Protein chains: 2
Amino acid sequence: MLPEFESYLKKNADFPEEVIKAMYDLAIVKTLKRNESLLQAGDVCRYKVFIAKGLLRCYVTGGNGNEHILQFCPENSWTLDVESYDNQIPATTNIAAIEPSVVLLWTKSDFEKLRIDFPILKQFSEILISRSIYQNRHRVATTLSATPEEKYEDFVTRYPNLLSRLPLHMIAAYMGISLKTLTRIRHSQLNR
Amino acid sequence: MLPEFESYLKKNADFPEEVIKAMYDLAIVKTLKRNESLLQAGDVCRYKVFIAKGLLRCYVTGGNGNEHILQFCPENSWTLDVESYDNQIPATTNIAAIEPSVVLLWTKSDFEKLRIDFPILKQFSEILISRSIYQNRHRVATTLSATPEEKYEDFVTRYPNLLSRLPLHMIAAYMGISLKTLTRIRHSQLNR
DNA sequence: TTGAATTATGGTCAAATGACCAAGTTTTTA
DNA sequence: TAAAAACTTGGTCATTTGACCATAATTCAA
């Protein structure tokens with residue numbers, strides 16, 4: 001049993017021991033090296049992913065080949081390509097490790113089984129879904145209405161702990177601006 | 001009974017007559033004039049909204065006062081400020097009519113009651129939630145990675161029927177570009 | 001139906017942004 | 001530990017974009 005996994009589910013969802021055990025028994029534990037890929041666009045997203053240690057990114061690649069990051073996924077968070085997972089169709093996003101990481105994986109059928117067996121898991125899933133909806137809505141609103149400076153402010157206040165773990169070019173890829181613009185913002189903030 | 005509402009639920013969700021009837025009995029029917037507001041940022045979103053006729057927009061206003069449109073809501077679609085509705089807290093978005101419209105409204109408690117009484121409604125809600133998640137994800141990806149031209153192409157192909165019903169400045173406000181840029185794109189497309 | 005409001009387009013100019021390149025620093029990995 | 005890779009910052013320049021303004025066409029509302 002991974003202690004990170006156990007303590008996360010106890011603290012955040014108040015799961016009884018037996019549920020955690022049952023989940024863990026069906027999980028695949030996987031270790032990822034820095035930059036190792038977990039899902040490539042075009043492949044089917046076969047697993048629901050819990051990040052126990054490390055940091056992943058979920059991204060798309062534009063026509064010119066550069067990355068645009070949809071989500072950073074640090075320890076104690078979940079990720080997947082929803083549409084691909086739900087319908088078992090090819091994914092449009094990529095998932096890869098930024099830091100060396102440890103993840104738990106469940107196939108869709110295994111996770112569905114767990115959700116039926118343990119209503120508390122179904123309930124917790126729905127909370128996670130809500131959160132992700134709120135987050136995506138905020139993301140759309142910010143991306144549309146905020147200036148680059150405001151986006152950076154927003155990022156810094158929302159994810160202060162990620163700031164030091166990420167290379168700037170990835171923060172720029174998340175904010176939807178060039179690295180140059182980001183360093184310009186940081187430069188101008190020094191003189192204030 | 002509004003025939004639009006009835007035929008929507010029969011066609012799209014295969015609801016039995018009695019469910020539709022029960023829903024309609026708890027609904028508030030409201031007529032909106034062009035530009036009339038249904039929800040203002042700061043107020044609590046008390047209702048789940050079904051658009052039976054017309055066209056609404058859901059938008060936020062940036063610091064400089066200009067609109068950024070999150071969603072167009074034509075007839076036979078649903079809308080609300082989710083986070084405000086779920087938690088009955090002040091909304092961050094506004095909802096207003098673009099065309100004269102007719103909407104059905106349910107309070108959260110009434111809708112919850114309906115969802116408990118009729119499992120088919122709960123099931124249908126979950127489909128709608130999934131769709132909205134996919135849509136939001138696509139929106140974030142497009143907003144980040146597409147050029148203005150590509151965003152316009154995407155809009156035209158995804159919402160061909162809305163194109164002629166919307167003033168260009170609203171399409172620009174949806175795409176996150178200025179009206180000027182949008183007319184420039186359209187101009188350059190003429191010469192091709 | 002007619003006056004008022006809204007809308008679409010275009011011109012000009014300043015500002016913001018990205019592409020490309022280079023250099024010094026830090027981190028990774030063999 | 002040492003070489004290689006990745007990262008941060010900065011410079012320059014061309015391009016894109018937005019702000020502001022004006023005008024003609026269209027649509028709305030009394």
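Below, read A as the first sequence line, B as the second, and so on, with proteins coming before strands; counting in each chain starts at 1. Worth saying up front: this structure is predicted, and the values here are computed from it rather than measured.
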| note | When B:Asn66 and A:Leu166 are each assigned the nearest nucleotide of DNA chain D, the 5'-most assignment goes to A:Leu166
| said: Nearest whole Å is fine: how far is D:dT8 C1' from A:Ile171 CD1? | reply: 12 Å
| Are A:Thr181 and C:dG18 close enough that a side-chain N or O sits under 4.0 Å from OP1 or OP2? | yes
| request: Determine whether the aromatic ring centres of B:Tyr174 and B:Tyr59 lie less than 6.0 Å apart. | output: no
| Looking at the side chain of A:Pro167, which of D:dT8, D:dG18, C:dT17 is the nearest nucleotide? | D:dT8
| query | Could A:Arg115 and A:Glu112 be called an ion pair, given the rule that one side-chain N must be under 4.0 Å from one carboxylate O? | reply | yes
| request: Please state whether the phosphate of C:dT9, meaning OP1 or OP2, lies under 4.0 angstrom from any side-chain nitrogen or oxygen of B:Thr183. | output: no
| Distance-only polar pair, side chains of A:Arg46 and A:Gln88, donor-acceptor under 3.5 Å | yes
| query | Rounded to the Å, how far apart are A:Ile98 CD1 and C:dT27 C1'? | reply | 16 Å
| request: Determine, using ring centers only, whether A:Phe5 and A:Phe50 are less than 6.0 Å apart. | output: yes
| Which nucleotide in the set C:dT17, D:dT9, D:dG18 lies at the smallest distance from any side-chain heavy atom of A:Arg186? | D:dT9
| In whole angstroms, how far is the P atom of C:dT28 from the CZ atom of A:Arg165? | 13 Å
| query | Which nucleotide sits closest to the side chain of B:Leu168: C:dA8, D:dT8, D:dG18? | reply | C:dA8
| Hey, is the main chain of B:Leu70 close enough, under 3.5 Å, to the side chain of B:Arg139 for a donor-acceptor pair? | yes
| message | Under a 3.5 Å distance rule, please check whether B:Ser101 uses its side chain to pair with a backbone N or O of B:Ala97 as donor and acceptor. | response | no
| Out of B:Tyr24, B:Tyr47, B:Trp78, which one pairs with B:Trp106 under the ring pair (Phe, Tyr, Trp, His ring centres under 6.0 Å) rule? | B:Trp78
| task | Give a yes/no on whether any side-chain N or O of A:His169 is located under 4.0 angstrom from OP1 or OP2 of D:dC7. | result | yes
| message | Any N or O donor-acceptor pair under 3.5 Å from the base of C:dG18 to the side chain of A:Arg184? | response | yes
| task | Return yes if a side-chain donor-acceptor contact under 3.5 Å exists between B:Glu83 and A:Gln135, otherwise no. | result | no
| Whole-Å distance separating the CE atom of A:Met170 from the P atom of D:dA6 | 11 Å
| task | Report yes if a donor N or O on one partner sits less than 3.5 Å from an acceptor N or O on the other, where the partners are the side chain of A:Lys180 and the base of D:dT8; otherwise report no. | result | no
| task | For A:Met175 and C:dT17, give me the distance from atom CE to atom C1', rounded to whole Å. | result | 13 Å
| task | To the nearest Å, give me how far apart CG (B:Leu179) and P (D:dG18) are. | result | 10 Å
| said: When you measure from the side-chain N and O atoms of B:His187 to the phosphate of C:dG10, is any distance below 4.0 Å, counting only OP1 and OP2? | reply: yes
| message | Without decimals, in angstroms, what is the distance between B:Leu163 CG and C:dA8 P? | response | 11 Å
Under 3.5 Å, which protein N or O atoms sit close to an N or O of nucleotides 27-30 of chain D? Give each pair with its distance.
none

| query | Ignoring hydrogens and angles, are the base of C:dT28 and the side chain of A:Lys33 linked by a donor-acceptor pair under 3.5 Å? | reply | no
